[in-house]
**Q** 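Quick one: this structure, given as structure tokens, is what I'll be asking you about.
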Amino acid sequence: MIDFLDLKSINETCRDELVDACARVIDSGWYVTGNELSRFEAEFANYCGSKHCIGVANGLDALTLTLRAWKELGKLREGDEVIVPANTYIASILAITENKLTPVLVEPDEASFNLCPHKTAAAITPKTRAILPVHLYGRLADMPALIGLADRHNLLVLEDSAQAHGASTNGQKAGNWGHASGFSFYPGKNLGALGDAGAITTSDDELAQTLRALRNYGSHEKYKNIYQGVNSRLDEIQAAMLSVKLKYLDEHTARRRQIADLYLNGINNPAIGLPQPGSEGRHVWHLFVVRCKQRAALQKHLTGCGVQTLIHYPVPPHKQQAYTQWGTQSYPLTEQIHEEVLSLPMGPLMRPEDIAVVVDACNSYSVDG
Ligand SMILES: *Cc1c(COP(=O)(O)O)cnc(C)c1O
């Protein structure tokens, strides 16, 4: 079976370094908010090109706490509208509703799966205060257009970069376009910890300072609490793991791009719609997502050929039980995408022969079985 993503093997390629880093933390006697975290924060800010990086417990908290910080700073108020793509992973939307802000779901641009600047412009109302573009599957949203739109309407921009570490447009990376950006280092992400972790990047000093307090009980100084904060810290072990893995991120991304090129050049089955790399930017291929009208049949065929696939995502947020209040709303393009998408195996350790098996399996699929 060709695994969808062989995480164990990926971590084994730098096992010695991971073990050394782990031992260093154990021996330091200091396990939360110490040198490992400061070091990783500096490295990741530098990688993204932003002034600050604030480590937090996971990607959802990165998004939730940024919106919360803007509330604390008086830039957002309960009930304000935040524009977000309807076809995102539910975390982007949970971050909005957790803060009692109102998500305004907007259909994506079909070619990129990302927020469409025109549909976004049409969704702006006097209550709109922020846009939350998601760089879905590793492709940067149309940030030049979205930033231009946000500037004209005086809106905050929070990027959801959980799937897009290192993706760029005109040399400017995810995490360095909006006023802030949320990252996840969930193990399966392009930069993955060995547990949960996340971070915010921003070049706004005031926001960075507020986030550092919010993640730590609302406190800058021990026992002095200025906000009703939370405990959402990135611990020393995970920070140390991430410093090791960050060194390999660009190499892994380059390999993902090679694999994507081989898929794009090799798969020529008219029943399978291929993703578009986008000419304007540098896709990092967190996921290689194809579309097929008979998705279940294609998935079954691929499984039979020894190719593991997954669906990102089977049910759109507005159809989830968690949001029954939106059950009657209709986002036809989003719903169609959720019925047709299928993610092929993608990971930096795939061998040429694995890729050939996936390509052949896709090309041997026929609608009539
Ligand atoms: C993974 C992911 C998140 C959430 O990250 P966690 O670390 O799992 O909390 C948010 N948004 C998107 C688009 C994601 O893919």
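Both ligands and their constituent atoms are indexed starting at 1 by order of listing.
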**Q** How long is the straight-line distance from CG of Asn216 back to CD1 of Ile54, given to the nearest 0.5 Å?
**A** 13.0 Å
**Q** What residue and heavy atom of the protein are closest to atom 10 (C) of ligand 1, and at what distance?
**A** Ala91 CB, 3.4 Å
**Q** Which residue and atom name correspond to the protein heavy atom nearest atom 8 (O) of ligand 1, and how close is it?
**A** Ser184 OG, 4.0 Å
**Q** Looking only at non-hydrogen atoms, which of Gln163, His286, His312, Lys189 approaches atom 3 (C) of ligand 1 most closely?
**A** Lys189
**Q** Applying side chain to side chain donor-acceptor pair (under 3.5 Å), which residue pairs with at least one partner in residues 237-249 are found, sequence neighbours left out?
**A** Asn11-Lys245, Glu17-Lys247, Glu17-Tyr248, Glu43-Ser243
**Q** Report, in ascending order of atom number, the atoms of ligand 1 lying under 4.0 Å from any heavy atom of Leu60.
**A** 4 (C), 5 (O), 6 (P), 9 (O)
**Q** Identify the two heavy atoms, one from Thr169 and one from Leu140, that lie closest to each other, and give their separation to 0.1 Å.
**A** OG1-CD2, 3.0 Å
**Q** Looking only at distance, does Asp196 have an N or O less than 3.5 Å from an N or O of ligand 1?
**A** no
**Q** Check whether Lys293 reaches the backbone of Ala271 with its side chain - one donor and one acceptor, N or O, closer than 3.5 Å.
**A** no
**Q** Would you mind listing which atoms of ligand 1 come within a distance below 4.0 Å of any non-hydrogen atom of Gly59?
**A** 5 (O), 6 (P), 7 (O), 9 (O)
**Q** Looking at Val84 and Thr88, what are the two nearest heavy atoms and their distance?
**A** CG2-CG2, 4.3 Å
**Q** Taking 4.0 angstrom as the limit and counting only heavy atoms of Ala162, give me the atoms of ligand 1 inside it, by number and element.
**A** 2 (C), 3 (C), 10 (C), 11 (N), 12 (C), 14 (C), 15 (O)
**Q** Which residues pass the side chain to side chain contact (heavy atoms under 4.5 Å, CB included) test with Arg129, not counting sequence neighbours?
**A** Leu76, Asp80
**Q** Please confirm whether Asp160 comes within less than 3.5 Å of ligand 1 when only nitrogen or oxygen atoms on both sides are compared.
**A** yes
